[in-house]
Structures are given as C-alpha cells and as structure tokens.
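Input: a single structure, listed below in structure tokens.
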Amino acid sequence: MPPEPIRLATWNVNSVKIRIVQLLDWLRSARPDVVMLQEIKCLAEDFPRLEIEDLGYNVAAVGQKSYNGVALLSRHPMTVEHTALPGDPGDTHARYLEAVVEPPANGAGKRPVLRAATIYLPNGNPVDSDKYPYKLAWMRRLRQHAKALLALEEVVVLGGDYNVCPTDDDVYDPVGWRNDALCRTESRAEFRALINLGYTDAVRALNPQPHYYSFWDYQAGRWQRDEGLRIDHLLLSPQAADRLAQSGIDRAPRGRDKPSDHTPAWCELAG
DNA sequence: ATGCCTTGCGGAGCAAGA
C-alpha cells in the first residue's frame, strides 16, 4: 500500500482572531497536513490554539502586537528550529518560523522528515521609503538561509506571503503595477535568485496558466472583477519537488463572508 | 485620486496593508 501523500498550504489570514471561524471551516474541509499562516496580527500567547488543536493540529506561532505574525500548524509532530529569519538580530518583525515535521512511518519504513517554514515577506511600499530597502535586505537574508537549507538535502517547503508577483502574468494590470514594490525589477530579481538556487515554485510548476491569483484587494471590486495578484508561494527544495504531485490555489475562502484578502495556495507531495 | 476596503488600537482617527 503506497504511503499517504502530505498536503501543505499557505494562507495569509489577515488577523487570525477575526478569521477564526473561516480558518476552522477551511481546515475541516481542506484537511491539510501542514499549514503556514501569515498576518496573525496578535501575540503568540493570544493565538487561538485550543480550537485548532481540537481539530488535530500541533501549533507553533511567532507573534507581535497589531501587525505581522506567523504560525505553523501540523497534524504530525513538529520541532521548531527557527523563530526568526537568521542574519539580523536587530529585525524585530514576526515574519519567519521554521520547523521539522516527522511524518508517520509506514509499511515501507521510516519516511524522511519534512522541513517547513512560514514566511511573511515585507511588503516594501512605498518604494521611496525605508520599507523598500528593508524588503530587499530581507530577501537577501532569505536567499542566504534558503541556500544553507539546500545543503541539508532535505524535503523543504518554504511557504508564505512573498509579496512578490514573479512575472507580468501574475498581475491583473502589469503596467499600472510596474513601479510597485511587489512588481519592481529588484523584487522580481531577488525572487528569481531564490528560485535559481534550485527551488521550484510549486503552484507555477503545475499551473502554467496566466492570471492565477492568490490575492484580491478589498477595494474597487477587485474580487468581483477577478483583478488579483499571485504573491503567495510554496517553494520546494529538489527533494520536495521530486515528490510534487498536485498544487493549486483554493479560491473558495476568498468568496465567503468576511474573507481574508488572500486565499490559500497548496501543494501535495507524494508519500 | 493622498480614494475606494479591512484590520488593530482604543474608544477618534490613524497606520498599515498590497
């Protein structure tokens, strides 16, 4: 009997406290094994862990008051490895959390561990403020760490809100957005550099069609017009990419009442 | 359009998001 596949998803929930009912409903229906959350917008001690643990998940969170904040949910045992992106102890934003997940053994024997990180990459707007160089510096740090992870030769999934539209195909209005921090040449070059280390964009790899979005602004009827951006990504190490079976974007949560402006991106790795 | 909508904070009106 073949081992069970493992499903992973990333979702910027735009406040986990406001979105708890939508999050629980989605966990019950999508039943992902590992979830990367962003913008929980609360302290870790205020994260609604009991409700999520009741659905069978282990929970790890790094939070701060009001802004940012990330969390990992896993149906399998999980050991936290990093609660911040290495490389700048002065960076106090809650934007990175990495853990090792132990999948259950099966008939064929022990399965390799999975290393999962949840990433909330800085937005970077406005581009003439110090937020943009902060974003680019954060991306360089991420590249350094992602390179070190490759040397481990593990199954690695770096999932999150990257705040980068990789190409013009990932934006509803490329000309209007070309000077935005999400689409600027430097942001795209940094994202490509990350990919060029040897990572695979799991959603793009199996869904090459343009205009396959993960975010729609609340304003100006962007959802109703399907005018969105693809900025939520799952990057796979070669050992993970070798197992990539399915991937996609689950639009359903974006169409529900009181939605986040992002919707989950997901992938499934063969067991 | 320095807007439009939605959050947190705090108890009004910003700041931040993307």
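Protein chains get the first letters and strands the later ones, always in sequence-line order, with residue 1 at the start of each.
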Ionic contact status for [Y] with [X], cut-off 4.0 Å:
X      : Y      : value
A:R178 : A:D173 : no
A:R188 : A:D168 : yes
A:R141 : A:D91  : yes
A:D54  : A:R49  : no
A:R204 : A:D170 : yes

When the distance from [atom1] of [X] to [atom2] of [N] is rounded to whole Å, what number comes out?
X      : N      : atom1 : atom2 : value
A:Y132 : B:dA18 : OH    : C1'   : 14 Å
A:K17  : B:dT7  : NZ    : P     : 14 Å
A:Y134 : B:dA16 : OH    : C1'   : 14 Å
A:L182 : B:dA18 : CG    : C1'   : 5 Å
A:D261 : B:dG17 : CG    : P     : 12 Å
A:Y213 : B:dA18 : OH    : P     : 17 Å
A:D180 : B:dG17 : CG    : C1'   : 11 Å
A:W177 : B:dA18 : CH2   : P     : 10 Å

Tell me whether the OP1 or OP2 atom of [N] has a side-chain N or O from [X] closer than 4.0 Å.
X      : N      : value
A:N68  : B:dA16 : no
A:N163 : B:dA18 : yes
A:H262 : B:dG17 : no
A:K131 : B:dG17 : yes

Quick one: label [X] by what it contacts on the DNA or RNA (base, sugar-phosphate, nothing), any heavy atom closer than 4.0 Å.
X      : answer
A:Y120 : sugar-phosphate
A:D46  : nothing
A:K65  : sugar-phosphate

Which whole number of Å gives the distance between the [atom1] atom of [N] and that of [M]?
N      : M      : atom1 : result
B:dG3  : B:dA16 : C1'   : 16 Å
B:dA18 : B:dG8  : P     : 14 Å
B:dC4  : B:dG17 : C1'   : 14 Å
B:dA12 : B:dT2  : P     : 29 Å
B:dG10 : B:dC14 : C1'   : 11 Å

message: Less than 6.0 angstrom from the centroid, inside 45 degrees of the normal: does A:R75 satisfy that with respect to the ring of A:Y57?
response: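 Yes.
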Side chain A:N163, main chain A:L182, donor-acceptor under 3.5 Å: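 Not a single qualifying donor-acceptor pair exists.
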query: Donor-acceptor pair, A:Y218 side chain versus A:P259 backbone, under 3.5 Å?
result: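 Yes, A:Y218 side chain to A:P259 backbone: donor-acceptor pair under 3.5 Å.
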task: Would you kindly compare A:G124 and A:V16 by the position of their nearest DNA chain B nucleotide and give the one closer to the 5′ end?
output: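 The answer here is A:V16.
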query: Closer to the 5' end of DNA chain B via nearest nucleotide, is it A:I40 or A:L229?
result: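 By nearest-heavy-atom nucleotide position, the 5'-most residue is A:I40.
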I'd like a table of atom pairs between the protein and nucleotides 1-6 of chain B - only N or O on both sides, under 3.5 Å - with the distance next to each one.
residue	atom	partner	partner atom	Å
B:dC4	N1	A:Q219	OE1	3.3

